[in-house]
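Notes follow once the structure below has been shown.
Residue indices begin at 1 and follow the sequence shown.
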Amino acid sequence: MDPSTLIICICSITSDDGFTIQCDNCLTWQHAVCIRIAPDDVPEEYLCDRCDPAAALERGVDKSRAYSIQKRREEEEDDDEEEMAAPQQ
């Protein structure tokens, strides 16, 4: 499989949350929120936690925090889908 199409994030969730960033070295994608990159502060060059663990530590990347964020997002999306599928009265 082409690594430039894979989301391999510290949260272990592979679905696209709409704001991912690609590692300039290994070409995999990560959720920006999981690795503490804000939409208004995207770096010109980015190396993921596997390619540059020291930079990830500097940003305060936390796997359990990232997992919680993405699970909450998925649950909210599921709730939204259920609401849309429910018959209107």
Any chance you could measure Asp62, atom CG, to Cys11, atom SG, to the nearest 0.5 Å? 12.0 Å
Determine whether Glu76 and Arg72 satisfy the following criterion, salt bridge (Lys or Arg N to Asp or Glu O under 4.0 Å), listing intermediate values before the conclusion. CA-CA 6 Å; Glu76 288 171 2; Arg72 195 169 355 166; 5.5 Å; no
Does a sphere of radius 6.0 Å around OH in Tyr67 hold more than 12 heavy atoms from other residues, nucleotides or ligands, not counting ones at 6.0 Å or beyond? no
Look only at the side chain of Arg59 and the backbone of Ile35, and say whether a donor-acceptor pair between them is shorter than 3.5 Å. yes
At what distance, to the nearest 0.5 angstrom, does CD1 of Ile8 lie from SG of Cys26? 7.0 Å
Checking Gln22 side chain against Leu27 main chain: does a donor-acceptor pair fall under 3.5 Å? yes
Side-chain heavy atoms nearer than 4.5 Å, only ILVMFWY residues, links allowed to pass through others: does that put Ile37 and Trp29 together? no
I need the Ile7 CD1 to Cys34 SG distance, nearest 0.5 Å. 10.0 Å
Taking side chain as C-beta onward, heavy atoms only, is Asp17 less than 4.5 Å from Glu74? no
If two hydrophobic side chains count as joined below 4.5 Å and joins carry through other members, does Ile21 share a cluster with Val61? yes
Show the nearest heavy-atom pair for residues Gly18 and Asp16, with the distance to one decimal. N-OD1, 2.7 Å
Separation of Arg73 CZ from Glu77 CD (nearest 0.5 Å): 4.5 Å
Any side-chain heavy-atom pair of Thr20 and Gln30 under 4.5 Å: no
May I ask you to test the Val33-Phe19 pair for a side-chain heavy-atom distance under 4.5 Å? no
State plainly whether one hydrophobic cluster holds both Ile69 and Val42, where clusters connect Ile, Leu, Val, Met, Phe, Trp and Tyr through side-chain heavy atoms under 4.5 angstrom apart. no
Main chain of Ser15, side chain of His31: is a donor-acceptor contact present, judged purely on distance under 3.5 Å? yes
